[in-house]
Engineer: 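Let me give you the structure first, and then I'll get to my questions.
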Amino acid sequence: MKKVLLVVMMTVLGSAAVAQGSFSVGIKGGVNLSELKTGDFLVTRLNANGSPQVDFNGREIRDNLRNSFETRTGWAYGAYARFGRNLYLQPELLVSGKRGSFDIVRNVNGKPTTETVTVKTTYLDVPILLGLKGGPLRIMGGPIVSFRMSDDQRVREALREYTSGSLNEAFSKAVYGYQFGAGLDLGRLGIDVRREGSLSDVAAVNLGSDASQQQFNQKIKSWQVTLAYRLF
């Protein structure tokens, strides 16, 4: 019901913005400052045949997957259209590189060894934002849909020994999220600072062995800073 009301509200306000008659198109580019949220999991490392790995004492080898709190820098570029003046609707189409990291704590020869896995992923982002403008200042917010275009495979390689199920399926779904922020227009130039978060998982992978009922979930939160140029 809440989703229906949100869609209705966006439609009504968007129609009011379009009815004002103003229209502009521009290009933009900037940076993403992202942090990957994973949660913490303790999992049994598996052999290729699916059985637990054991050390020389016959004990099962267990590894931790845990959050890394480091922020990683990516990039974004694309185009936007704006309908309306003081109340406006702004759909965008952006190619966006987002990065994050998580830690794997492995039991190597009886000693815990931490490996940080950096994830680099390219998305096609489609935010649809409603905004209010007063003078040169703007505020905006709305939903964003992100389609995964490519990744560097490191996250797949790092999780492959723990998973049960298809990694390709887990990483192929669209991600739904939100953006909100503020902007400043100076002639044809515009500067936006936005907060972005994912409502759905970037990836949700089933973990193997005794953790089979758990999922390794990934969500991204980021700040985006962009510079725009209005073409007309």
Side-chain angles (χ1 to χ4, degrees), residues 1-20 22-38 71 74-100 119 121-134 137-151 170-185 190-204 215 217-228 230:
M1 188 65 181
K2 292 181 179 180
K3 292 181 179 179
V4 173
L5 291 175
L6 178 61
V7 171
V8 171
M9 183 180 67
M10 290 283 292
T11 302
V12 172
L13 294 177
S15 299
V18 173
Q20 296 181 47
S22 178
F23 174 69
S24 59
V25 172
I27 55 177
K28 61 185 306 185
V31 296
N32 296 316
L33 304 173
S34 304
E35 184 180 339
L36 185 68
K37 296 292 186 182
T38 63
T71 299
W75 42 266
Y77 64 87
Y80 72 90
R82 186 179 299 171
F83 303 87
R85 294 186 179 90
N86 301 109
L87 173 66
Y88 66 89
L89 177 68
Q90 183 165 312
E92 300 179 354
L93 187 63
L94 304 174
V95 179
S96 183
K98 299 172 185 177
R99 304 178 66 194
V119 183
T121 308
T122 302
Y123 292 92
L124 182 64
D125 284 347
V126 185
I128 302 176
L129 308 174
L130 279 173
L132 290 173
K133 182 177 180 181
L137 297 177
R138 293 177 289 106
I139 58 173
M140 78 290 290
I144 177 173
V145 183
S146 299
F147 301 93
R148 184 184 295 265
M149 297 171 62
S150 65
D151 59 60
F171 284 86
S172 64
K173 300 176 181 178
V175 179
Y176 299 89
Y178 60 87
Q179 281 190 349
F180 64 89
L184 176 67
D185 289 336
I191 300 173
D192 281 9
V193 178
R194 300 178 189 171
R195 180 63 167 169
E196 180 180 324
S198 55
L199 299 175
S200 56
D201 294 321
V202 176
Q215 286 189 325
N217 300 318
Q218 299 173 313
K219 284 184 168 66
I220 287 182
K221 292 186 178 294
S222 62
W223 288 96
Q224 185 180 85
V225 182
T226 55
L227 178 64
R230 177 169 55 85

Engineer: Looking only at non-hydrogen atoms, find the nearest pair between Tyr178 and Ser198 and report the distance.
Structural biologist: CE2-N, 4.5 Å

Engineer: Between Arg230 and Asp185, is there a side-chain N and carboxylate O pair less than 4.0 Å apart?
Structural biologist: no

Engineer: As an exercise, state the distance from CG of Leu89 to CG of Leu129, rounded to the nearest 0.5 Å.
Structural biologist: 8.5 Å

Engineer: Mind checking the CG-CZ spacing from Leu124 to Phe147? Nearest 0.5 Å is all I need.
Structural biologist: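 Answer rounded to 0.5 Å: 7.0 Å.
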
Engineer: Out of curiosity, Ile144 CD1 to Gln224 CD, how far, rounded to the nearest 0.5 Å?
Structural biologist: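 If we round to the nearest 0.5 Å, Ile144:CD1 and Gln224:CD are 7.0 Å apart.
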
Engineer: Return the minimal non-hydrogen interatomic distance between Leu93 and Val126, and the atom names on each side.
Structural biologist: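 Smallest heavy-atom distance, with atoms named: CD1-CG2, 3.9 Å.
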
Engineer: If you measure from CE on Met149 to CG on Asp125, what distance do you get to the nearest 0.5 Å?
Structural biologist: 10.0 Å

Engineer: Shortest non-hydrogen contact from Arg138 to Ile191?
Structural biologist: NH2-O, 3.9 Å

Engineer: Please name the pair of heavy atoms, one in Tyr88 and one in Leu132, separated by the smallest distance, quoted to 0.1 Å.
Structural biologist: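 Heavy atoms of Tyr88 and Leu132 come nearest at CE2-N, 3.8 Å.
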
Engineer: Is there a side chain to side chain contact (heavy atoms under 4.5 Å, CB included) between Trp75 and Val31 once you walk through the steps?
Structural biologist: CA-CA 4 Å; Trp75 42 266; Val31 296; 5.5 Å; no

Engineer: Measure the shortest side-chain to side-chain distance between Glu92 and Lys28 over non-hydrogen atoms and say whether it is less than 4.5 angstrom.
Structural biologist: yes

Engineer: Between Arg195 and Lys221, does the side chain to side chain contact (heavy atoms under 4.5 Å, CB included) criterion hold? Intermediate values first, please.
Structural biologist: CA-CA 8 Å; Arg195 180 63 167 169; Lys221 292 186 178 294; 3.8 Å; yes

Engineer: If you round to the nearest 0.5 Å, how far is CD of Gln90 from OG of Ser24?
Structural biologist: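 Nearest 0.5 Å value for the OG-CD distance: 7.5 Å.
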
Engineer: Considering all heavy atoms of both residues, which atom of Gly183 and which atom of Asp192 are nearest to each other, and what is their separation?
Structural biologist: CA-OD1, 3.5 Å

Engineer: What distance do Ser146 atom OG and Glu196 atom CD have between them, rounded to the nearest 0.5 Å?
Structural biologist: 5.5 Å

Engineer: Would you name the heavy atoms of Leu94 and Ala79 that are closest together and state the gap between them?
Structural biologist: CD2-N, 4.1 Å

Engineer: For Ser34, which residues count as a side-chain contact (heavy atoms from CB on, under 4.5 Å) partner, sequence neighbours excluded?
Structural biologist: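 With sequence neighbours excluded, Ser34 shows a side-chain contact (heavy atoms from CB on, under 4.5 Å) to Asn32, Lys98, Ile220, Ser222, given in chain and number order.
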
